[in-house]
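Single-structure report; data block below.
None of the values given here were measured: they were computed from a predicted structure.
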Amino acid sequence: MIPVSITLQNFMSYRAATTVNFQGIRLACLSGDNGAGKSALLDAMTWAVWGKARVSQDRQLIALGADQMEVTFVFRLGGHEYRVFRRRSTRATLEFETRASPDAEWTTLTGDNVRHTERRIVGVLKMDYDTFVNSAFLLQGKADAFTAKTPGARKRVLADILNLDDYDQLAQMAREQE
């Protein structure tokens, strides 16, 4: 998953609609004063994609005084661009789209409801939130999250990263052909 852009509104310290464009950036370092919004950008990405961030409730992500928030996150994966739009207000909204090139039209991948759409996103990424924060993205203050897991939980994270389920399916197909 390669970030292309993110647009936030009323998300933590980002009140006004703010877009950050990552095009052409291969390596980035976020720096700034405490409370400037560095971690909020990363939380916005995980909240858009998985509906989870480092806080326990969505309400903690909404800017003070606001009653709703929204994030649009665009990323590249496997030759396609994907766009995830998530809003929290009186009801949750989640939209998921893809396109083959930046000049192509967006095609919806949105499911029948939020949970169905979340499953579609995880299917495309082949990674759930837990796997992501234990492999590619270390949460602030939780760098030891993977090593603190039980051996079984560590094995599951590694199996997800290495797509070991694919090998299980191939083994099952081979057994059926014998």
Side-chain angles (χ1 to χ4, degrees), residues 1-30 32 36-63 66-140 157 160-161 163 165-166:
M1 174 172 55
I2 300 169
V4 173
S5 67
I6 190 162
T7 303
L8 311 85
Q9 184 166 9
N10 289 329
F11 191 93
M12 299 181 81
S13 59
Y14 293 89
R15 290 190 168 283
T18 304
T19 299
V20 178
N21 186 343
F22 300 105
Q23 300 254 28
I25 298 174
R26 294 180 48 89
L27 179 65
C29 173
L30 299 175
K38 302 176 302 291
S39 296
L41 287 174
L42 302 172
D43 281 331
M45 289 177 192
T46 62
W47 182 76
V49 173
W50 291 284
K52 296 181 181 180
R54 61 194 157 107
V55 298
S56 59
Q57 297 178 1
D58 283 358
R59 183 73 192 116
Q60 296 171 285
L61 299 170
I62 299 175
D67 59 356
Q68 71 173 23
M69 66 180 168
E70 61 185 52
V71 175
T72 302
F73 179 48
V74 179
F75 62 91
R76 255 191 304 283
L77 178 69
H80 282 78
E81 278 192 355
Y82 294 90
R83 180 169 61 187
V84 179
F85 170 79
R86 190 181 292 263
R87 174 187 294 134
R88 184 192 186 273
S89 57
T90 53
R91 69 180 192 88
T93 302
L94 178 61
E95 298 170 9
F96 185 42
E97 301 170 307
T98 189
R99 64 183 178 187
S101 66
D103 56 340
E105 294 289 320
W106 290 102
T107 302
T108 188
L109 299 174
T110 304
D112 298 331
N113 54 45
V114 170
R115 192 154 317 273
H116 185 220
T117 303
E118 287 174 339
R119 283 195 304 269
R120 286 187 173 179
I121 293 169
V122 168
V124 165
L125 292 174
K126 295 181 175 38
M127 186 179 305
D128 62 13
Y129 176 78
D130 192 48
T131 301
F132 183 69
V133 299
N134 283 283
S135 61
F137 177 71
L138 299 177
L139 290 172
Q140 187 174 354
V157 168
D160 287 349
I161 293 168
N163 291 323
D165 287 345
D166 293 349

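With salt bridges taken as basic N to acidic carboxylate O contacts below 4.0 Å, one links Glu118 and Arg86.
Val84 has its side chain within reach of Leu94: a pair of non-hydrogen atoms, C-beta onward, lies under 4.5 Å apart. Counting heavy atoms from C-beta outward, Val124 and Leu77 have side chains that approach closer than 4.5 Å. Put simply, the side chain of Pro102 reaches to within 4.5 Å of the side chain of Glu81, judged on heavy atoms.
Checking side-chain atoms of Arg59 against main-chain N and O of Ile62 turns up no donor-acceptor pair under 3.5 Å. A distance-only check finds no donor-acceptor pair linking the side chain of Arg54 to the backbone of Asp43 [under 3.5 Å]. With Thr110 contributing its side chain and Thr108 its backbone, the two residues share no donor-acceptor pair below 3.5 Å. Under a 3.5 Å cut-off, the side chain of Arg88 and the backbone N or O of Glu70 do not form any donor-acceptor pair. Checking side-chain atoms of Lys52 against main-chain N and O of Tyr129 turns up no donor-acceptor pair under 3.5 Å.
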- Derivation and outcome, side chain to side chain contact (heavy atoms under 4.5 Å, CB included), residues Gln23 and Val4: CA-CA 5 Å; Gln23 300 254 28; Val4 173; 3.4 Å; yes
- Message: Determine whether Val74 and Ile6 satisfy the following criterion, side chain to side chain contact (heavy atoms under 4.5 Å, CB included), listing intermediate values before the conclusion.
- Response: CA-CA 6 Å; Val74 179; Ile6 190 162; over 6 Å; no
- Message: Would Met45 and Val71 count as a side chain to side chain contact (heavy atoms under 4.5 Å, CB included) here? Give the steps.
- Response: CA-CA 8 Å; Met45 289 177 192; Val71 175; over 6 Å; no
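When every heavy atom of Pro3 is checked against every heavy atom of Phe73, the shortest pair comes out as CB-CE1, 3.9 Å. Residues Gly111 and Thr117 share a closest heavy-atom pair of N-OG1, 2.7 Å. Scanning both residues, Met1 and Phe132, for their nearest heavy atoms gives CE-CE1, 3.8 Å. Scanning both residues, Ala28 and Ile25, for their nearest heavy atoms gives CB-CG2, 3.9 Å.
Residue pairs that meet the side-chain hydrogen bond (donor to acceptor under 3.5 Å, both in side chains) test with at least one member in residues 6-16, sequence neighbours left out, are Thr7-Thr19. Applying the ring pair (Phe, Tyr, Trp, His ring centres under 6.0 Å) test to every pair with at least one member in residues 78-100, sequence neighbours left out, gives these pairs: Phe75-Tyr82, Tyr82-Phe96.
The structure places CG of Leu8 at 6.0 Å from CG of Leu41, a figure rounded to the nearest 0.5 Å. Between the NZ atom in Lys126 and the CD1 atom in Ile121 there is a gap of 14.0 Å [rounded to 0.5 Å]. Rounding to the nearest 0.5 Å places CD of Gln68 at 11.5 Å from CZ of Arg91. In this structure, CH2 on Trp47 lies 15.5 Å from CG on Leu42, to the nearest 0.5 angstrom. The CD atom of Gln60 sits 9.0 Å away from atom CE of Met12, with the distance rounded to the nearest 0.5 Å.
The only option from Glu105, Glu97, Glu95 that meets the salt bridge (Lys or Arg N to Asp or Glu O under 4.0 Å) definition with Arg83 turns out to be Glu97.
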